[in-house]
Novice: 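Would you mind keeping the following structure in view while I ask a few things?
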2 protein chains.
Amino acid sequence: MRSKPSIEAVAREAGVSIATVSRVLNGTKPVSAATRERVEAAVSALDYRVNPFGRSLSTGQSRILLMLMPDFANPYYAEIVRGAAAVSRQAGYTLLPADLEAWTGTADASLPTLLGSLSDGVINLVPMSDQAARREAANGKPWVNCSEFMPGSDVPYVSIDHRQAATDAVQYLINKGHRRIGFITSDERFLYARQRREGYDAALLRAGLAPAPELVCVTGDNSYAAGSQAAASLLAVVDPPSAVFAVSDTLAIGAIKCFSKAGRRVPHDVAVMGFDDVPIADIFEPGLTTVAQPMVELGAAAAEMLLALLDGQRPAPRILQHRLVLRESV
Amino acid sequence: MRSKPSIEAVAREAGVSIATVSRVLNGTKPVSAATRERVEAAVSALDYRVNPFGRSLSTGQSRILLMLMPDFANPYYAEIVRGAAAVSRQAGYTLLPADLEAWTGTADASLPTLLGSLSDGVINLVPMSDQAARREAANGKPWVNCSEFMPGSDVPYVSIDHRQAATDAVQYLINKGHRRIGFITSDERFLYARQRREGYDAALLRAGLAPAPELVCVTGDNSYAAGSQAAASLLAVVDPPSAVFAVSDTLAIGAIKCFSKAGRRVPHDVAVMGFDDVPIADIFEPGLTTVAQPMVELGAAAAEMLLALLDGQRPAPRILQHRLVLRESV
DNA sequence: CTGAAAGCGCTAACAT
DNA sequence: ATGTTAGCGCTTTCAG
C-alpha cells in the first residue's frame, strides 16, 4: 500500500479539481450529484482521509477542545470528562483530556504548549495560581475554568460554591452533636481546597467551636493512602475527633479504612463525611455520606461556556448546586 | 494583543531568515551564537510558539501517540495510561488518551478518524473484532494492541495470559473447597473476557466439576451496579454458588455490595475473587482477593513497542506476569 | 553559517 | 457548477 493519498490523488482519480473534492468533503458549496458520486467513489476507492494538519493550517482551527486535568486516577474527573465530551461532540468538536499530573513540577512544559496550540480552546481544571502558567497553558486561546476558577479574573468559570458546601457539610456534623471535627484536605494550591477550608472554619466559628489546628491534615493528594495516613495522624492526637470532614470521597474512604483497621466503628466511634459523590461512595461499606457535586453537569456547562466563547459570546460565570447525600458514614 | 506571531514575525524581529529561526528552534543545523541569541530574544519578546499544524504538515509527523480506551471511568485504564504516558513522554512524544465509550455504536467514527490521523501511532485497548473498525482506527498508522490483541494477526501486542490467570484464580477457589463457582463477566466482545471464561471453564473441567450455565452472568459493562445485579441473579438460582469469580475488581466489588446487603457475609457465606488489583481493591472492606495485572508495566510496554515500531523495528509480542494477591474476600 | 525558495495538504476567494 | 490559484506556517534542500 503506497503512502497516504492526498486530496490531489482523489481529484485525479475522480477527474475533477481539488477544489471540487474539498467542496464535497465539506459540503461548503453545491456540487452536482454526478460529480459528487464520482468523488465519493474515488474517496472510498483510495481509502482517503483528510489530513487534519493541512486542513487546520488552512482554516486556522482544529475543532479540538482541550481539557487540562490534574489527575486521571481520580474518578471525580472521569465524570466531568463525560459531561464535557458529550456536549463537545454534539457541537462537532472533539474533547481531548490531558493529564497534567506527570508534568507538574517539570521544567518541560511542552505538553500543555503543544496541546494548547493544537486546540481551539481549553477547559481548565488544574490550579493556575500564577499568571505565567496560565498564559502558558491557554496560549492565547479561549478558555474556561471548571471548579478551579480565579476569583477576580475575567475568565469565565463554572463551579459549585465550595465554601458554602463545606459549611453545610460541617454544619450537618455539628447538628449531629459533634464538637471535635477533623478536616482532611489534599493540596491547598487548589482553590476548592482553600475554599472548603474556609467553609469548615466558618461553620466551626458560627457554632462557637474553637478552631483546632491539630485536627486539620493537608495530605498533598487525593489518594486513598493519603486519606488513611491523615486518619492515622488524627487518631494520634490527644483528644481525637468524633467526626471528620474530608475534601474528597477518596480521602474519606482512605480514612474510613484506617479507622476500621484501628478498630473504630464508622459512624459509631467516628463519623466521616466525604465530598464529590463519586460512584464508589455509594458502594463502599459503610455507604459514604457526602456532598454531591453535579459532576456531569459541571463538565457539560464548562463545554457549553467554551463553545459560547468560541462563538464570540461572553458567557457569565455559573454556580451549580451541591447537595448533601446522606448514607451511613455519619 | 495581535494574533499569533508566525515564524516570519520572529525572523523579521531578529533580522534573520525564517530558515535560521527554524534552525535554532529545532537545533537541526549549527547557528552562530550571536544569531541564536537574537532569535531567542525575538522568540520570547514575541511570546512565539511554533504552530504544530505547520510543522506537522511539513514534517509529516506529530510526535503524538494516541491511546484508544474503552472507558475512562474504570480505574484499571488510568493506571495503564500512567505507564504509557511516562515512556512516551521521555521519548519526546505526547500520549493522548481517547475514550471511545461515547462513540461506540455511533455511526460517527470521526473521533477515531480525526485522532488517528493526528497521531503518529496508536495504542489500542478496545476490542477490534472486525477488520473495518481496525483499519479505520489505525488509519494506516503503526499500532500496537494492549491486553486486547488479535490472535493470529501480525499486530504487535502486550498482554497477560488471561486464560491462565483465570484458571489460576478458579483453581485457587477450588483448592479452598468450593464446588459451585459463579462467574461474572462484562462483555464478550472483549478478548480478555472470552479468554478468562475459557480459563474458568478449564479449571472447572480439570477438577471434574460440571459446568453450570446458570452460574455465569454477562453484564455488558464493568460498573459496580452491573456487578451488584449479577450477584443478585446468582443469589436467585436454586443452588447458589459458594464462590464467585469476576473478571474485574469493579464487578467483584459491586457483587460484594449486593451480597452484604442480602445479609451474606464475604467470604464466610460466599467468597469473591476479582481481577486487576486496582487501588480500591486494597481499601474496600473486605480487602479484595484478586488477580493482579501489572498495569503500569502493560502501558509502558505498549508504548515501548509502539516506539520500536515507529523506529522501524518489529517488536515481538510480550506476555507479562499476573499474580494472585490474597486479601480477605476469599 | 545563512538565505531563497520549494513544497507539505488543504480551503477559500476569485474566475469562469 | 467547477477550475485556478494564493496562501496557511513550517522544514528542508539547494546555493552561496
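Naming: A, B, ... by sequence-line order, numbering from 1 per chain.
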Novice: Quiz question: by atom type and distance under 3.5 Å, do the side chains of B:Ser186 and B:Tyr192 form a donor-acceptor pair?
Specialist: yes
Novice: Across the strands shown, which category fits B:Val50 at heavy-atom distances under 4.0 angstrom: base, sugar-phosphate, nothing?
Specialist: sugar-phosphate
Novice: Anything under 30° is parallel, anything over 60° is perpendicular, the rest tilted; go ahead and classify A:Phe149 against A:Tyr157.
Specialist: parallel
Novice: Give one of base, sugar-phosphate or nothing for A:Ser32, where a contact means two heavy atoms less than 4.0 Å apart.
Specialist: sugar-phosphate
Novice: Side chain of A:Ser17 only, heavy atoms from C-beta on: which candidate in D:dG9, C:dC10, D:dG3 is closest?
Specialist: D:dG3
Novice: I'd like to know if B:Arg23 reaches the base of C:dG3 with its side chain such that a donor and an acceptor end up less than 3.5 angstrom apart.
Specialist: yes
Novice: What nucleic acid atoms does B:Val16 come within less than 4.0 Å of, heavy atoms only: base, sugar-phosphate, or nothing?
Specialist: sugar-phosphate
Novice: Please report the interatomic distance CD1(B:Ile160) to CD(B:Glu297), rounded to the nearest 0.5 Å.
Specialist: 12.0 Å
Novice: From the options C:dT2, D:dT11, C:dC10, select the nucleotide whose nearest atom is closest to the side chain of B:Thr35.
Specialist: C:dT2
Novice: Does a side-chain N or O from B:Asn26 land closer than 4.0 Å to OP1 or OP2 of D:dT11, or not?
Specialist: yes
Novice: If I take atom NZ in residue B:Lys29 and atom C1' in nucleotide D:dA15, what distance separates them, rounded to the nearest angstrom?
Specialist: 12 Å
Novice: Can you tell me which nucleotide in C:dG3, C:dA5, D:dT2 comes closest to the side chain of B:Thr20?
Specialist: C:dG3
Novice: C:dA13, D:dT11, C:dA4: which one has an atom nearest the side-chain heavy atoms of A:Ala19?
Specialist: C:dA13
Novice: Which comes earlier along DNA chain D counting from the 5' end, the contact point of A:Thr59 or that of A:Gly15, where each point is its nearest nucleotide?
Specialist: A:Gly15
Novice: For B:Ser147, which of B:Tyr76, B:Phe190, B:Tyr77 qualifies under side chain to side chain contact (heavy atoms under 4.5 Å, CB included)?
Specialist: B:Tyr76
Novice: Given C:dG9, C:dG3, D:dG9, which nucleotide is nearest the side-chain atoms of A:Ser6?
Specialist: C:dG9
Novice: Checking all strands, does B:Ile18 fall into the base, sugar-phosphate, or nothing category for heavy-atom contacts under 4.0 angstrom?
Specialist: base
